Amino acid sequence: LGVTVKIAQFALELENSARQITKVTGLSKDFSSAMLENADSLREFGATTEDINNATIALNATFTDFSLLNKSAANEVKNATVVLGKLGMSADDVAMGMQNLTKGFGQMPQEAANTMLELDAVARDLNISTTKMGADFNAAAGSLQKLSGPEAIGAFKQLAIVSKAT
């Protein structure tokens, strides 16, 4: 009986969460519900429905192409945002990074999500907080856009290494 109650509570939590996303963002009910389809797998990272909501709301507010993505691509971007949030990067910084990478660097959304995850890996390698790495990337994005795609990301990673060493 206890498991059945927990499953019912989780289903209700998901339904309420989808309603909240729709209410706050104006996204369709189908799109909002799709953002919660893999909530159980994100729980393995310690994510809650609130984390998923925050990521979806931030992406919708800042990453202008988010609501235009197909559900699969939107889920991939949202998943990366949730995971990065659990690692310390704010959903707002991830969303701004997604916007910078897709609009300024010409990356596809899934590629941009992977780049944001790579920035977290660089931060960990350098013992820099993920929070700082996300904020620093967004602060430097305008200058980095003068370089071409992969060069710009490489230059930022090199700047992070030099900055840490000095």
Side-chain angles (χ1 to χ4, degrees), residues 1-124 128-141 153 156:
L1 183 64
V3 172
T4 305
V5 170
K6 287 195 183 273
I7 291 171
Q9 287 173 333
F10 186 57
L12 181 60
E13 184 180 333
L14 291 175
E15 181 61 32
N16 288 336
S17 195
R19 280 193 201 110
Q20 177 72 11
I21 291 171
T22 300
K23 179 180 174 183
V24 173
T25 64
L27 293 169
S28 73
K29 185 171 172 34
D30 283 348
F31 194 93
S32 297
S33 294
M35 293 302 95
L36 296 159
E37 285 176 356
N38 68 330
D40 54 338
S41 64
L42 287 171
R43 287 181 131 185
E44 294 174 23
F45 295 98
T48 64
T49 54
E50 183 177 345
D51 296 325
I52 296 168
N53 282 12
N54 291 340
T56 304
I57 290 166
L59 287 163
N60 188 65
T62 305
F63 177 31
T64 55
D65 288 346
F66 181 68
S67 63
L68 303 175
L69 299 175
N70 66 48
K71 291 175 188 173
S72 175
N75 256 318
E76 192 171 332
V77 168
K78 179 262 309 168
N79 291 346
T81 305
V82 170
V83 169
L84 285 164
K86 295 314 284 181
L87 295 171
M89 193 179 297
S90 77
D92 290 332
D93 278 340
V94 177
M96 181 57 70
M98 293 295 300
Q99 180 71 9
N100 287 327
L101 289 165
T102 57
K103 297 301 182 190
F105 297 93
Q107 291 189 356
M108 297 301 293
Q110 294 93 327
E111 182 182 10
N114 287 334
T115 298
M116 294 303 294
L117 291 166
E118 285 176 26
L119 292 178
D120 170 70
V122 171
R124 292 183 183 289
I128 298 171
S129 77
T130 299
T131 303
K132 179 173 175 22
M133 184 64 80
D136 287 355
F137 175 74
N138 288 324
I153 305 305
F156 178 74

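What you see is a predicted model; the values in this text were computed from it and never measured.
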Can you give the donor-acceptor pairs under 3.5 Å from side chains of residues 38-45 to other protein atoms, not counting sequence neighbours?
{"residue": "Asn38", "atom": "OD1", "partner": "Lys78", "partner atom": "NZ", "Å": "2.8"}
{"residue": "Asn38", "atom": "ND2", "partner": "Asn79", "partner atom": "OD1", "Å": "3.0"}
{"residue": "Ser41", "atom": "OG", "partner": "Asn38", "partner atom": "O", "Å": "2.8"}

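Ala112 approaches Gln107 most closely through the heavy-atom pair CA-OE1, 3.1 Å. Residues Met98 and Pro109 share a closest heavy-atom pair of CE-O, 3.3 Å. Closest of all the heavy-atom pairs between Leu36 and Ala18 is CD1-N, 3.3 Å. Residues Phe137 and Asn100 share a closest heavy-atom pair of CE2-CB, 4.4 Å. Pairing each heavy atom of Ala55 with each of Ala91, the nearest pair is CA-CB, 4.0 Å.
For Lys86, the NZ atom sits in a packed shell: over 12 heavy atoms of surrounding residues, nucleotides or ligands are nearer than 6.0 Å. The 12-atom threshold is exceeded at CD of Gln110, counting heavy atoms of other residues, nucleotides or ligands nearer than 6.0 Å.
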Exercise for review: May I have the step-by-step check of side-chain contact (heavy atoms from CB on, under 4.5 Å) for Met35 and Leu27, ending in yes or no?
Suggested key: CA-CA 11 Å; Met35 293 302 95; Leu27 293 169; 5.5 Å; no
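Looking at Asn53 and Thr56, their side chains never bring a donor and an acceptor atom within 3.5 Å of each other.
The CD1 atom of Ile153 sits 6.5 Å away from the CG atom of Leu119 when rounded to the nearest 0.5 Å. Note that CE of Met96 is 13.5 Å distant from CE of Met89, once rounded to the nearest 0.5 Å. Summarising the geometry, atom CG belonging to Leu117 is positioned 4.5 Å from atom CG belonging to Leu84; distances are rounded to the nearest 0.5 Å. To the nearest 0.5 angstrom, Asn75 atom CG is 11.0 Å from Thr81 atom OG1. Atoms OG and CG, from Ser32 and Leu14 in turn, are 12.5 Å apart once rounded to the nearest 0.5 Å. Going from atom CZ of Phe63 over to atom CG of Leu101 covers 9.0 Å, rounded to the nearest 0.5 Å.
Within the structure, salt bridge (Lys or Arg N to Asp or Glu O under 4.0 Å) contacts touching residues 91-115 (residues at least two apart or in different chains) are Asp65-Lys103. Among pairs with a residue in residues 16-39, those fulfilling salt bridge (Lys or Arg N to Asp or Glu O under 4.0 Å) read Glu15-Arg19, Glu15-Lys29, at least two apart in sequence or across chains.
Between the side chain of Asn60 and the backbone N or O of Phe66, no donor-acceptor pair lies under 3.5 Å. A side-chain donor-acceptor contact under 3.5 Å links Asp51 to the backbone of Thr48. Although no hydrogens or angles enter the test, the distance criterion places a donor-acceptor pair under 3.5 Å between the side chain of Thr131 and the main chain of Gly88.
Between Gln20 and Thr49 there is no side-chain heavy-atom pair separated by less than 4.5 Å. Contact of the Thr115 side chain with the Phe156 side chain is not registered, since no non-hydrogen atoms from C-beta on lie closer than 4.5 Å. Side-chain atoms of Met108 and Thr102, non-hydrogen and from C-beta on, never get closer than 4.5 Å to each other. At a threshold of 4.5 Å between non-hydrogen side-chain atoms, the residues Met133 and Asp120 do not count as touching.
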